[in-house]
Number of protein chains: 4
Amino acid sequence: MDDDLASGTQPEGGAATAGRRRFDLDRTLALSDGIFAFALTLLVLSITVPAIGDAGSSEELAQALSDRSGELISWLISFAVIAGFWVRHNALTRLLVRVNGPFIVINFVFLALIALVPYPTELLGRFSNSTSFAFYAIVIALLVVVNAVEGDYAVTRGLTSKKEGPGERRARLVDSLSPAVVFLVSIPVVMVGGVLAGYLCWVAIAPVNVVTGRFAERARGT
Amino acid sequence: MDDDLASGTQPEGGAATAGRRRFDLDRTLALSDGIFAFALTLLVLSITVPAIGDAGSSEELAQALSDRSGELISWLISFAVIAGFWVRHNALTRLLVRVNGPFIVINFVFLALIALVPYPTELLGRFSNSTSFAFYAIVIALLVVVNAVEGDYAVTRGLTSKKEGPGERRARLVDSLSPAVVFLVSIPVVMVGGVLAGYLCWVAIAPVNVVTGRFAERARGT
Amino acid sequence: MDDDLASGTQPEGGAATAGRRRFDLDRTLALSDGIFAFALTLLVLSITVPAIGDAGSSEELAQALSDRSGELISWLISFAVIAGFWVRHNALTRLLVRVNGPFIVINFVFLALIALVPYPTELLGRFSNSTSFAFYAIVIALLVVVNAVEGDYAVTRGLTSKKEGPGERRARLVDSLSPAVVFLVSIPVVMVGGVLAGYLCWVAIAPVNVVTGRFAERARGT
Amino acid sequence: MDDDLASGTQPEGGAATAGRRRFDLDRTLALSDGIFAFALTLLVLSITVPAIGDAGSSEELAQALSDRSGELISWLISFAVIAGFWVRHNALTRLLVRVNGPFIVINFVFLALIALVPYPTELLGRFSNSTSFAFYAIVIALLVVVNAVEGDYAVTRGLTSKKEGPGERRARLVDSLSPAVVFLVSIPVVMVGGVLAGYLCWVAIAPVNVVTGRFAERARGT
């Protein structure tokens, strides 16, 4: 298996290699898109059907549904989170000219975490306490880190069509890793201040990202 | 994340931009098709297996299946509804020459609602009352609205290969939004007249659509 | 919606139409492949996890698994059936040069039945009686009929690159519809002779298909 | 169905045949990628949500999650196993220039086993005994064998762009079949030495693969 994985890194030439690179890249993207699409759709199973009898009245069902607002909110958060990672993954893979063995391994670690998201989503929706919140935050922070590692590996190993200087790289890493810091900080926050404080912490990701994004842009001199 | 999303709108030129547009468009369509296909297939989980013992007789199973006719009907309605949205989504994306950040966001809102459909379907199949009916109608009405917004954004922001005058736009909006009106009207109808009256209301969508379709066609001068 | 669906049949010309036909065809195939892939994978949920306690001994689990042999067999049958329909669908779509509205509708009816298969599979695996058997046989017979209708529509309406004479058409219809007859005949057989007799009936599909295949081949003069 | 399946092997010529080969190959890969992506994502359902009440405390949930470490480990193993098979399948299909009927059948047997993996994964995660371990090991060993058969068929029947001598073939078969031996050997090991000894046995696959990989490389004279 190892040499298959590593094969993309061997010095080769000609149309055969180009075809092979295209093939590996295309199938990696097809698999990634499939896992993104299924994870996004599978999230719906985290919203549970009320266990009232089939003959339940309109009012009982309305009450049971409003009790499920927590599940609906965690479904919505996870959909937005995975969609956000799809945008980031898309921005990275758009630049790729080829993939190699280690990149495919890193990408699988990333996809494993994406495929795992429905589980912490279900926990967060059903049990609104600091354990479910911390578990969710850790999975998302890991996703942020693996995504940053994947991007860094691709750019520094010449898998992308883009070159960058050391200043740009630092700015890119700060930009791509900063959401992980916010997610990890939200864990002690939720333990002290409760679940609502933790959610507010997550809302801080947008402005933090705007700041680090500006910083990364300035480093690229754009 | 923001600048990645917005990048499609920046003035650029050359083959690199064309390649990038192609890439973003292709992956957006691949993701959309995946979510459509998966939502269509996941619907089957809304039809529950009878909870009679494994040694249940033929007659018991036949009885339990006929009790599930409501679930089969709501499965069928949802399959037709999602298939109908696929046709509309296909008619829109067929015209696209590129996508940009806001379009991808609107498309994700649309896909989130598509991925949510199995949940109201299961509620409608299991609990035949005005709450499940209203919840279902609201989700579908939202889908109609988001789909219309997505189409309008694409056409007015120049993402499509088609131009249109103000008269055509008005006719297109009336055509694409009219099913939402029918779905919303069906909610008070079901509260007053019962679930069957609500279903009859939905059947009215086909003739309404024919009329608004003619209106839209005349506006396009075809 | 109606005019979008029907648009493929309007007389048009030029590269735009060719691009549009390509687009509609490609997305129809992408959706079909997605539904085939998900239905094939979702079948695994029809094999239930034994409800013995987590501390269950090795022997208890072995016993519980051998009790599930019926579920494994119905999983295997359904996987083979859907795979067989994929081969037939592939053989048809390979000939397509374009799709139109009615074809897309017929294809959705076909895909709805494919997406439904996990449900009768679960019933057949859990309840081995004439009701579950008849329900399964009816769904598969419907699939055979819709598949034959889809193929006939495509060939007779000029959607394919192939022309055929009236003799060939008759032979093709006999060939493609004959499995439906076997599935329908198996229903009275199972009512009189039990489930095993019904399964034996299904095994007869292979030799019947060889005969009708020869007949169809001779009509094509090959 | 038989002649459709066999059609790829008939002597034909010209652009039509090339188009048809491309089509069959593309759809086979699209279906395979769909099943891989879906099986990888469906694995998450094997991690069960704790059955404690919704009002469960933080500590109860933390305890329930740590009780689920077995499920998380088996989820992780299965994700790695399916990812590994994707890499091998990719390495094989990359060389394909066409597919024929028997190849499609072998590929479906392979995909059926991939789609089955979530079931033994769930058993292994929930019941940590020799029966669930042996069932899991047998399914994976079968996957290894079918994968080796698929590769051998493709190479020896001229479906790939690669030719090989008898020494190379022997080395390739040893390389591709050796993991099956390790999985089968792990079954008596687990019966005598317990589940942990069995897992250690699986860890031996990596070094064995390195050795057989070197052997295969030397045979290819690279």
Side-chain angles (χ1 to χ4, degrees), chain A residues 1-7 10 16 19-24 26-42 45-46 48 67 70-71 101 104-105 107-109 111-123 125-135 190-191, chain D residues 29-30 32-50 52-65 68 71-72 75-76 79-80 82-96 161 175-176 179 205-206 209-210 213-214 216-217 222:
Chain A
M1 202 131 47
D2 288 70
D3 60 310
D4 290 329
L5 273 170
S7 63
Q10 291 163 10
R20 174 199 208 144
R21 286 179 175 176
R22 190 78 297 222
F23 184 88
D24 288 357
D26 283 352
R27 281 202 73 187
T28 303
L29 293 181
L31 191 83
S32 303
D33 275 331
I35 289 178
F36 271 112
F38 309 160
L40 283 168
T41 322
L42 212 58
L45 298 186
S46 71
T48 54
D67 291 350
E71 293 183 5
I104 289 176
V105 171
N107 196 43
F108 266 123
V109 175
L111 294 176
L113 288 164
I114 289 285
L116 184 61
V117 169
Y119 185 65
T121 303
E122 198 158 356
L123 294 183
R126 201 148 332 153
F127 312 101
S128 196
N129 60 35
S130 57
T131 300
S132 63
F133 192 93
F135 185 42
V190 93
M191 280 168 172
Chain D
L29 293 182
S32 303
D33 274 331
I35 289 178
F36 270 112
F38 195 31
L40 284 169
T41 320
L42 211 59
L43 284 175
V44 78
L45 298 186
S46 71
I47 317 177
T48 54
V49 172
I52 55 179
D54 286 11
S57 72
S58 246
E59 288 74 26
E60 278 179 280
L61 181 58
Q63 182 55 45
L65 284 179
R68 265 149 192 82
E71 292 183 6
L72 267 165
W75 169 78
L76 203 61
F79 200 97
I82 299 183
F85 278 110
W86 182 86
V87 170
R88 275 189 176 274
H89 193 261
N90 188 40
L92 163 61
T93 50
R94 187 203 287 140
L95 301 170
L96 286 179
S161 55
D175 182 27
S176 61
I205 286 167
N209 237 2
V210 169
R214 293 257 165 82
E217 258 174 63
T222 55

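Nothing here was measured: the structure is a model prediction, and the numbers come from that model. A, B, ... follow the sequence lines: proteins, then strands. Residue 1 opens every chain.
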So which part of L45(A) gets closer than 4.5 Å to some heavy atom of chain D, the side chain, the backbone, both or neither?
side chain
Let me know if L42(A) has heavy atoms under 4.5 Å from chain D in its side chain, its backbone, both or neither.
side chain
Indicate the atoms forming the closest heavy-atom contact of A112(A) with W75(D), along with that distance.
O-CZ2, 3.4 Å
Part of L43(D) lying under 4.5 Å from any heavy atom of chain A
neither
So for L123(A), is it side chain, backbone, both, or neither that comes closer than 4.5 Å to the heavy atoms of chain D?
side chain
Measure from the side-chain N and O atoms of S130(A) to the backbone N and O of V190(A), and report whether any donor-acceptor pair falls under 3.5 Å.
no
Kindly say whether S57(D) contributes a backbone atom to a donor-acceptor pair with the side chain of E60(D) at under 3.5 angstrom?
yes
Begin with the C-alpha distance, continue with both residues' side-chain angles, and end with the deciding distance and a verdict on ring pair (Phe, Tyr, Trp, His ring centres under 6.0 Å) for W86(D) and F108(A).
CA-CA 10 Å; W86(D) 182 86; F108(A) 266 123; 5.5 Å; yes
Quick one: what part of L65(D) sits under 4.5 Å from any heavy atom of chain A, side chain, backbone, both or neither?
side chain
Could you work out, with side-chain contact (heavy atoms from CB on, under 4.5 Å) as the rule, every residue matching L76(D), not counting sequence neighbours?
none
Excluding sequence neighbours, so at least two apart, what forms side chain to side chain donor-acceptor pair (under 3.5 Å) with S176(D)?
none
Atom group of F133(A) that falls short of 4.5 Å from chain D, counting heavy atoms:
neither
Checking heavy atoms, do the side chain of T48(D), its backbone, both or neither come under 4.5 Å from chain A?
backbone
At a 4.5 Å cut-off on heavy atoms, which part of F79(D) comes close to chain A: side chain, backbone, both, or neither?
side chain
Taking R68(D) for its side chain and A64(D) for its backbone only, find out whether a donor-acceptor pair lies under 3.5 Å.
yes
Taking side chain as everything from C-beta outward and backbone as N, CA, C, O, which of these in P50(D) sits under 4.5 Å from a heavy atom of chain A? Side chain, backbone, both or neither.
both
Pick from V109(A), D33(A), T28(A): which one has the most heavy-atom pairs with chain D under 4.5 Å?
T28(A)
S58(D) backbone acceptor or donor facing T131(A) side chain under 3.5 Å
yes
Need one label for S32(A): side chain, backbone, both or neither, based on atoms under 4.5 Å from any heavy atom in chain D.
neither
